[in-house]
Amino acid sequence: MKKRFLLLTTVLFSATTFAQQVTKVTDPVEWINPLMGTQSKYDLSNGNTYPAVAVPWGMNFWTPQTGKMGDGWQYTYDSYKINGFKQTHQPSPWMNDYGQFAIMPVTGKIKVSQNQRQSWFSHKAEISKPYYYSVFLADHDVTTEIAPTERSAQFRFTFPKTDSSFIVIDAFDKGSYVKIIPGEKKIVGYSTKYARGPLKNFKNYFVIYVDKPITTAQVYSDSTLSEGLELSAKHASAVIGFKTAKGEKVNLRVASSFISIEQAEISLNREIGNDNFDITKQKAKAVWNKTLGKLAVEGGSVEQVKTFYSCLYRMLFFPNKMYELDAKGQPMHWSAQNGQILPGYKFAGTGFWDTFRALYPFLNLVYPSINKEMQEGLVNDYKEGGWLPEWSSPGYADVMVGNNSASVVADAYLKGGRGYDIQTLYQALLHGANNDGPNATGRDGVNYYNSLGYVPYDVKINENAARTLEYAYDDFTIYKLGKALNRPASETEIYRKRSMNYKNLFDQQTGLMRGKNKDGKFQTPFNPFKWGDAFTEGNSWHYTWSVFHDVQGLIGLMGGKEKFTAKLDSVFSLPPVFDDSYYGEVIHEIREMQIAGMGQYAHGNQPIQHMTYLYNYSGEPWKTQLHVRDVINKMYHSAPDGYCGDEDNGQTSAWYVFSAMGFYPVCPATDQYVLGAPLFKKVTLTLENGKKVTINAPNNSDANRFVNNLSINGKPYSNNWISHKALQQGEVLNFNMSATPNKARGTKATDVPYSLSNEK
């Protein structure tokens, strides 16, 4: 009996395991959980995301709002009350928002303020999809539904039977305007609220149409009723009302513009026109499926497929469009740099410190046409403001370090981007590399860096070692772009030499990067576990690996491959100790490293995310395969706590998607992706040029995570990297996976990825 029971259990388990394998994804948008990462707070981030109801790279996102006005944590999973449905452009809670207003249905007495109008809700009565959101508001007995376009949206409210149904339009504080036009069933207005500035001539204009006659029309300054139907105030709101029958659906058509109310009307008519709610919803779903469909995965678990497409969803928002199409269909924009209305493309809502690493390389591989528009937008940023942004939200935001616009520009061109003014962008890179600009543009400490070869620790420039390391890599990207543009060797050689400045901070005594004083002596005392200070949101154990362009040079500094590999191993074996004295508190990035159970490896923040791939340079690629799968399994899942730190504008998601495909762009501005191992049995990448990249790993499993051998287009392949140029021609990669590492594969000196020191 026991044997029969054991046999039956085994059969059932095997059947269940087999059933969990997803053989084909035909409707990728339905695998996404927009709530992934929303169970976050100030002192512990599981993503710091919100459920964005939008289309890829749309100008406007919508989200249910659980936080108070001005709170960057605008939606958190652990909240129980919604106070509005907010148009948002927020890239992260740390950057906060701009161009926001909210819409909220209420019943009974008119309730204008957020505290009064908020309603209890439950995730049990919430549907969150990229193209559709629905929730039941218990206190008002109203169901709200939202369907988006790029610059517009449709709302559908299902009201109860009452003579007191209302809709509140909250234009927020910091100066706003509303006007109700009952005869046209229309509300117009604008909001001027933003978190990062200053911004010239900034207004987010909106136009709203309701499909039901307005019988009540009121305007409020804060919560105080004002006379008339039009109001300019510090905090203006509008209320419209009507009698409704049980189950009656009231529809709103909404659009906004950074240019004018008239331009909002143009966008509304173009993007929605006479479409009803369900048509808008289906069109948005179709856009998502078309965009997501560039990547098709097979042979993974249900959870792996959900996580994959949830990450891909998050990647397809940033940077978001800031341009609009005029009556003739021509792109135009309000300029966050000079406040003027100008022709051409514009994007915003990204920090290059995060996204140069993997998000932009992913766009160059899978969606190069949208990145062409983004590069044109950067041309306009430079022409209108004199600098390339390093953080745009929506203008120049004074936050983070580095001059990583150089990487974003260089990688796009070197990966084949054409059709925009690369010469102007190259001049912008030279300008940024040799000047210290406002609001984190250019290079802080540039005179020290160019004369000494590093930014000193003792000259009151914070996070100086991080700046030095990032400037050195940025110089490499300028060097590579300059060569591609046939610039004089006398010019490009300057940046090639400066790209070796990382060596100036390597401390032979500790084998780590260390801040250095102006007199050439290393700063003391030195604690490699100290976060911040010489580094940015990390410590020396994290930033020592920030030599993307010359890993072989770093290996040489550390005394050879064995010592380098041992140092990599130490990151995982060291205890998660830390020194938080620079910040005066345990910042959330520290806490996320501490609790992850992976030693000093801090995947929740960007500086170390490429580090697991560096074993490929020292002849032990199987350790990359081991650790990458470990990070995938431990650090990501599709639930509200599904990330291990800030998602950060698609970057942490891009790490997952690249890694699940089996490779990663360790050094943007080169032609190479460094190999790991695929997560799925099959991935099909459809490129914009019509070619397909097929990644096969039929015997892949959690146990079989090591690459025994690899063939490309039927030929054995031993390198630890693959070429972007070759992928563009269409390739078939066949991975033979095994439960034990093949320690002979990828170990030759000729197998290693690119390093500048090896350049001939």
Next on the checklist: Looking at Ser191 and Gln100, would you say the former's side chain and the latter's main chain have a donor-acceptor pair under 3.5 Å?
Outcome noted: yes

Checklist entry - Got a donor-acceptor contact below 3.5 angstrom from the Tyr133 side chain to the Thr144 backbone? => result no

Checklist entry - Within a strict 4.5 Å, meaning less than it, do heavy atoms of the Met322 and Pro394 side chains meet? => result yes

Next on the checklist: With a 6.0 Å cut-off (strictly less than), is the heavy-atom count around NZ of Lys243, excluding the residue itself, greater than 12?
Outcome noted: no

Next on the checklist: Does Asp78, at its CG atom, have more than 12 non-hydrogen atoms belonging to other residues, nucleotides or ligands within less than 6.0 Å?
Outcome noted: yes

Checklist entry - Is there a donor in the side chain of Asn204 and an acceptor in the side chain of Gln87, or the other way round, less than 3.5 Å apart? => result yes

Item to check | Heavy atoms of other groups near Lys294 NZ, more than 12 under 6.0 Å | outcome: yes

Item to check | Neighbour count above 12 (heavy atom, 6.0 Å) for Lys185 NZ | outcome: yes

Next on the checklist: Parallel, tilted or perpendicular, judged at 30° and 60°: which one describes the rings of His123 and Tyr77?
Outcome noted: parallel

Next on the checklist: Could you check, using the six-membered ring where one of them is a Trp, whether Phe101 and Phe172 have ring centers closer than 6.0 angstrom?
Outcome noted: no

Checklist entry - His235 and side-chain hydrogen bond (donor to acceptor under 3.5 Å, both in side chains): which partner among Thr224, Asp170, Asp173? => result Asp170

Next on the checklist: Main chain of Asn33, side chain of Ser310: is a donor-acceptor contact present, judged purely on distance under 3.5 Å?
Outcome noted: yes

Item to check | Name of the residue among Ser40, Ser45, Ser92 meeting side-chain hydrogen bond (donor to acceptor under 3.5 Å, both in side chains) with Asp646 | outcome: Ser45

Checklist entry - Any side-chain heavy atom of Thr107 sitting closer than 4.5 Å to one from Thr244? => result no

Checklist entry - Under the salt bridge (Lys or Arg N to Asp or Glu O under 4.0 Å) rule, what pairs show up with a residue in residues 148-165, not counting sequence neighbours? => result Glu145-Arg156, Glu150-Lys321, Arg151-Glu271, Arg156-Asp278

Item to check | Closest contact, heavy atoms only, Met315 versus Ser653 | outcome: CG-CB, 3.6 Å

Next on the checklist: Let's go through Gln282 and Tyr131 carefully: what are the C-alpha distance in whole Å and the side-chain angles of both, what is the deciding distance for side-chain hydrogen bond (donor to acceptor under 3.5 Å, both in side chains) to 0.1 Å, and is it a yes or a no?
Outcome noted: CA-CA 8 Å; Gln282 290 304 315; Tyr131 62 89; over 6 Å; no

Checklist entry - What's the spacing between Ile240 CD1 and Leu229 CG if we round to 0.5 Å? => result 11.5 Å

Item to check | Flag, side chain of Asp326 to backbone of Gly329, donor-acceptor distance under 3.5 Å | outcome: yes

Checklist entry - Is there a side-chain contact between Val112 and Phe166 (heavy atoms, below 4.5 Å)? => result no

Next on the checklist: Tell me whether Tyr636 contacts the main-chain N or O of Thr652 through its side chain, where contact means a donor paired with an acceptor under 3.5 Å.
Outcome noted: yes

Next on the checklist: Using 30° and 60° as the class boundaries, would you call the ring planes of Trp94 and His588 parallel, tilted or perpendicular?
Outcome noted: parallel

Checklist entry - Tell me, do Pro160 and Val142 make a side-chain contact under 4.5 Å, heavy atoms counted? => result yes

Next on the checklist: Assess whether a salt bridge exists between Asp97 and Lys86, defined as any Lys/Arg side-chain N lying under 4.0 Å from an Asp/Glu carboxylate O.
Outcome noted: yes

Checklist entry - If you take all heavy atoms of Asn60 and Ser152, which pair is closest and at what distance? => result ND2-N, 4.4 Å

Item to check | Member of Tyr345, Tyr323, Tyr367, Phe318 meeting the ring-ring contact (aromatic ring centres under 6.0 Å, His included) criterion with Trp57 | outcome: Tyr367

Checklist entry - Rounded to the nearest 0.5 Å, how far does OG1 of Thr355 lie from CD of Gln606? => result 9.0 Å

Item to check | Min side-chain heavy-atom separation Tyr80-Gln118 under 4.5 Å | outcome: no

Checklist entry - Within a reach of under 6.0 Å around CD of Glu585, are more than 12 heavy atoms found that belong to other residues, nucleotides or ligands? => result yes

Checklist entry - Considering only heavy atoms from C-beta outward, does the side chain of Arg314 approach that of Met36 to under 4.5 Å? => result no

Next on the checklist: Run Lys68 and Asn115 through side-chain hydrogen bond (donor to acceptor under 3.5 Å, both in side chains) and show every step you take.
Outcome noted: CA-CA 9 Å; Lys68 301 302 181 186; Asn115 285 341; 2.5 Å; yes

Checklist entry - If you take all heavy atoms of Pro319 and Phe347, which pair is closest and at what distance? => result O-CD2, 3.6 Å

Checklist entry - How close do Leu359 and Gly650 get, heavy atom to heavy atom, and via which atoms? => result CD1-O, 4.2 Å

Item to check | Closest heavy-atom pair and its distance - Glu126, Val135 | outcome: CB-CG2, 4.1 Å

Item to check | Ser260 backbone acceptor or donor facing Ser257 side chain under 3.5 Å | outcome: yes

Item to check | Main-chain N/O of Lys109 paired with Lys111 side-chain donor or acceptor, under 3.5 Å | outcome: yes

Item to check | Heavy-atom pair of closest approach, residues Leu137 and Met104 | outcome: CD1-CE, 3.8 Å

Checklist entry - Taking the side chain as C-beta and beyond, is there a heavy-atom pair between Cys311 and Tyr643 under 4.5 Å? => result yes

Next on the checklist: Is the distance from the ring center of His603 to that of Tyr656 below 6.0 Å?
Outcome noted: no

Checklist entry - Just by distance, do the side chain of Gln74 and the backbone of Thr88 share a donor-acceptor pair under 3.5 Å? => result no

Checklist entry - Say you draw a straight line from CD of Gln116 to CG of Asn83; how long is it, rounded to the nearest 0.5 Å? => result 12.0 Å

Checklist entry - Okay, side chain of Glu647, backbone of Asn649: is any donor-acceptor separation there less than 3.5 Å? => result yes

Checklist entry - Is it true that a side-chain atom of His89 and a backbone atom of Met59 form a donor plus acceptor pair closer than 3.5 Å? => result yes

Checklist entry - Step by step, would you call Glu537 with Asn605 a side-chain hydrogen bond (donor to acceptor under 3.5 Å, both in side chains)? => result CA-CA 8 Å; Glu537 295 182 1; Asn605 212 19; 3.1 Å; yes

Checklist entry - Does a salt bridge link Lys81 with Asp139, judged by any charged N lying under 4.0 Å from a carboxylate O? => result no

Checklist entry - So which pairs with a foot in residues 135-157 pass ring pair (Phe, Tyr, Trp, His ring centres under 6.0 Å), sequence neighbours left out? => result Trp62-Phe155, Phe155-Phe157

Checklist entry - At what distance, to the nearest 0.5 angstrom, does OG of Ser256 lie from CD of Glu324? => result 7.5 Å

Checklist entry - How far does CZ of Phe258 sit from CH2 of Trp334, to the nearest 0.5 angstrom? => result 7.5 Å

Next on the checklist: Below 30° counts as parallel, above 60° as perpendicular, anything between as tilted: where do the rings of Tyr98 and Phe202 land?
Outcome noted: perpendicular

Checklist entry - Should Lys346 and Asp381 count as side-chain neighbours, where that means a heavy-atom distance under 4.5 Å? => result yes

Next on the checklist: Measuring centre to centre across the rings, with the benzene-like ring taken for any Trp, is Tyr313 within less than 6.0 Å of Trp288?
Outcome noted: yes

Checklist outcome for this item: In this structure, CD1 of Ile259 is separated from CG of Leu342 (nearest 0.5 Å) by 9.5 Å

